Amino acid sequence: SSEFFNSMHAHLYQTIAKRFYLSTKDANKHIKELPKLKKYKYISSLVFKQYGNGCKISGNKLKFNHLTLRINNYSNIDPECIHTLQLKRTRSGKYFAIVTMDYDSFSLKKNQNIMNNYSNCIRIIDKNRVRQNKYIGVDVGIENLATCSNGICYENPRFLTKSLEDIQRKQKRLEGQVKGSNRYKKNQDLLAKKHEKISNQRLDYNHKVSKEIVLTCGTGIAVEDLDIKDMIAKHKSNHRFNREMMDAAWYLLIFMLEYKCKLYGKEFVKIDPAYTSIECSKCGEAVSKVLSDREHKCSKCGLRMHRDLNA
């Protein structure tokens with residue numbers, strides 16, 4: 001009805017139309033037919049492109065479109081630094097308010113409690129090791145999520161693999177229900193909550209690992225500049241390997257390392273990953289390996305170590 005459309009802010013319609021246009025524009029490069037409009041993708045999030053124009057945060061309350069919502073786990077953020085605000089609904093039925101801010105005007109002293117949220121769950125390594133390792137190389141993998149050049153390895157928890165049987169059981173139960181029925185919606189919510197829990201576990205673990213690596217490096221961090229999409233395309237037929245690779249979330253870890261290095265004044269470098277697993281770290285001799293070879297054995301200098309540590 002016209003009353004409903006008039007009650008909504010104009011920015012909401014503009015951002016939804018813009019996102020749909022950009023997605024169809026990108027799709028037209030690869031396919032001839034327009035993609036189907038998914039209700040969840042565009043209606044589950046509302047974006048105000050100018051903070052203060054249609055939306056406002058006052059204390060622990062969010063006001064928009066004549067509605068007032070209470071915000072839980074709210075950090076005291078200066079509203080003058082906010083540029084845009086987005087309301088997002090997850091598949092499990094939770095709502096989040098996402099703000100984009102100007103980093104230059106963001107005061108770390110006033111908002112130090114935001115950074116302290118991470119320090120409570122971080123294991124600090126011996127400070128002497130920090131002085132010895134000025135620069136740390138990080139190699140990501142499936143056997144170990146991250147292997148550092150200082151000899152520290154962070155195991156890959158494999159959250160998705162451990163919960164795969166439970167997910168398959170819930171998925172099979174969902175397929176047996178009539179689509180649109182109450183039981184179908186109930187099982188759909190249970191499956192969505194399970195996926196959300198796995199995502200939260202992965203996010204929490206990557207935060208802890210990235211924070212510890214950044215704190216223990218002296219000057220900076222060097223990681224491989226991986227093209228993960230290309231790697232997935234190359235192993236398209238190997239579904240198990242792709243699942244393990246996506247479950248490890250290498251891109252998420254590298255992204256966290258990059259922004260936390262900037263936050264703590266450390267250098268962050270991406271290097272060409274070519275031949276990093278083949279060349280010997282001691283003499284530079286090329287030692288050919290297959291994926292199943294987990295140990296580096298150099299015939300020239302006699303160096304023997306784990307292939308990830310050598311890389």
Side-chain angles (χ1 to χ4, degrees), residues 19 22-23 25-27 29-31 35 38 41 88 90-91 98 135-149 152-164 167 194-214 217 220-263 266-279 281 288-294 296 306-311:
R19 281 185 292 164
L22 293 176
S23 63
K25 182 180 178 181
D26 184 62
K29 298 178 182 178
H30 308 284
I31 58 176
K38 294 183 179 181
K41 184 176 181 180
K88 185 176 181 180
T90 63
R91 289 188 179 272
I98 305 172
Y135 225 91
I136 289 180
V138 181
D139 181 79
V140 294
I142 294 178
E143 183 180 359
N144 293 309
L145 177 62
T147 304
C148 301
S149 57
I152 303 176
C153 296
Y154 300 90
E155 64 175 351
N156 183 10
R158 292 181 168 89
F159 295 115
L160 179 61
T161 305
K162 292 178 180 178
S163 304
L164 193 59
I167 291 174
K194 186 64 179 179
H195 279 291
E196 185 176 350
K197 181 181 178 180
I198 295 171
S199 178
N200 291 336
Q201 287 176 325
R202 190 183 295 118
L203 187 67
D204 177 70
Y205 185 75
N206 277 276
H207 267 303
K208 294 176 181 178
V209 171
S210 60
K211 179 70 176 290
E212 185 172 320
I213 294 175
V214 172
C217 76
I221 297 173
V223 299
E224 295 175 311
D225 188 11
L226 298 175
D227 189 351
I228 299 175
K229 288 185 178 180
D230 185 55
M231 294 174 66
I232 293 174
K234 287 182 179 179
H235 299 87
K236 191 175 182 180
S237 58
N238 194 343
H239 299 290
R240 182 178 178 180
F241 181 77
N242 278 347
R243 185 180 68 238
E244 292 280 354
M245 189 162 47
M246 295 178 71
D247 188 20
W250 297 337
Y251 179 83
L252 180 63
L253 178 63
I254 294 173
F255 169 75
M256 289 183 176
L257 287 172
E258 184 175 6
Y259 88 79
K260 286 177 183 177
C261 280
K262 294 179 181 178
L263 193 63
K266 306 292 182 70
E267 296 181 24
F268 182 83
V269 180
K270 287 185 178 182
I271 63 172
D272 187 3
Y275 307 109
T276 54
S277 298
I278 298 176
E279 292 180 355
S281 58
S288 60
K289 307 182 190 70
V290 294
L291 193 60
S292 58
D293 296 335
R294 305 313 302 168
H296 171 78
H306 195 280
R307 62 176 294 166
D308 292 342
L309 182 59
N310 175 73

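Bear in mind the structure is a predicted one, so any value in this text is a computation, not a measurement.
Gly141 and Ala248 get closest at one heavy-atom pair: O-CB, 4.3 Å. Heavy atoms only, all atoms of each residue included: Thr90 and Glu196 are closest at OG1-OE1, 3.8 Å.
Met256 CE to Lys208 NZ: the interatomic distance, rounded to the nearest 0.5 Å, is 12.0 Å. The CG atom of Asn206 sits 12.5 Å away from atom CH2 of Trp250, with the distance rounded to the nearest 0.5 Å. The structure places CD1 of Ile228 at 11.5 Å from CG of Asn242, a figure rounded to the nearest 0.5 Å. Put simply, CZ on Arg202 and CG on Leu145 are 10.5 Å apart, with the number rounded to the nearest 0.5 Å. Atom CD1 of Ile254 sits about 11.0 Å away from atom CD1 of Ile221, to the nearest 0.5 Å. Rounded to the nearest 0.5 Å, atoms CD1 (Ile213) and CD1 (Ile152) are 8.5 Å apart.
By the 6.0 Å contact criterion, CE on Met231 is enclosed, its count of non-hydrogen atoms from other residues, nucleotides or ligands being greater than 12.
For Asn156 (side chain) and Ile142 (main-chain N/O), a donor-acceptor pair under 3.5 Å exists by modelled atom type. Lys260 places a side-chain N or O within 3.5 Å of a backbone atom of His207 that can act as its donor or acceptor partner.
Remark: Glu155 engages no residue in a salt bridge (charged side-chain N to carboxylate O under 4.0 Å, His left out) (not counting sequence neighbours). Under the salt bridge (charged side-chain N to carboxylate O under 4.0 Å, His left out) criterion, Asp272 pairs with no residue, sequence neighbours left out. Scanning for salt bridge (charged side-chain N to carboxylate O under 4.0 Å, His left out) contacts around Glu244 gives Arg158, with sequence neighbours left out.
Taking the six-membered ring where tryptophan is involved, the planes of Tyr251 and Phe255 are essentially parallel, since the angle between them stays under 30° and well short of 60°.
Looking only at side-chain heavy atoms (C-beta outward), Gln201 and Pro157 stay at 4.5 Å or farther from each other.
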Open item on the list: One pair to check against side-chain contact (heavy atoms from CB on, under 4.5 Å): Ile167 and Leu160. What are the steps and the verdict?
Closed with: CA-CA 9 Å; Ile167 291 174; Leu160 179 61; 3.6 Å; yes
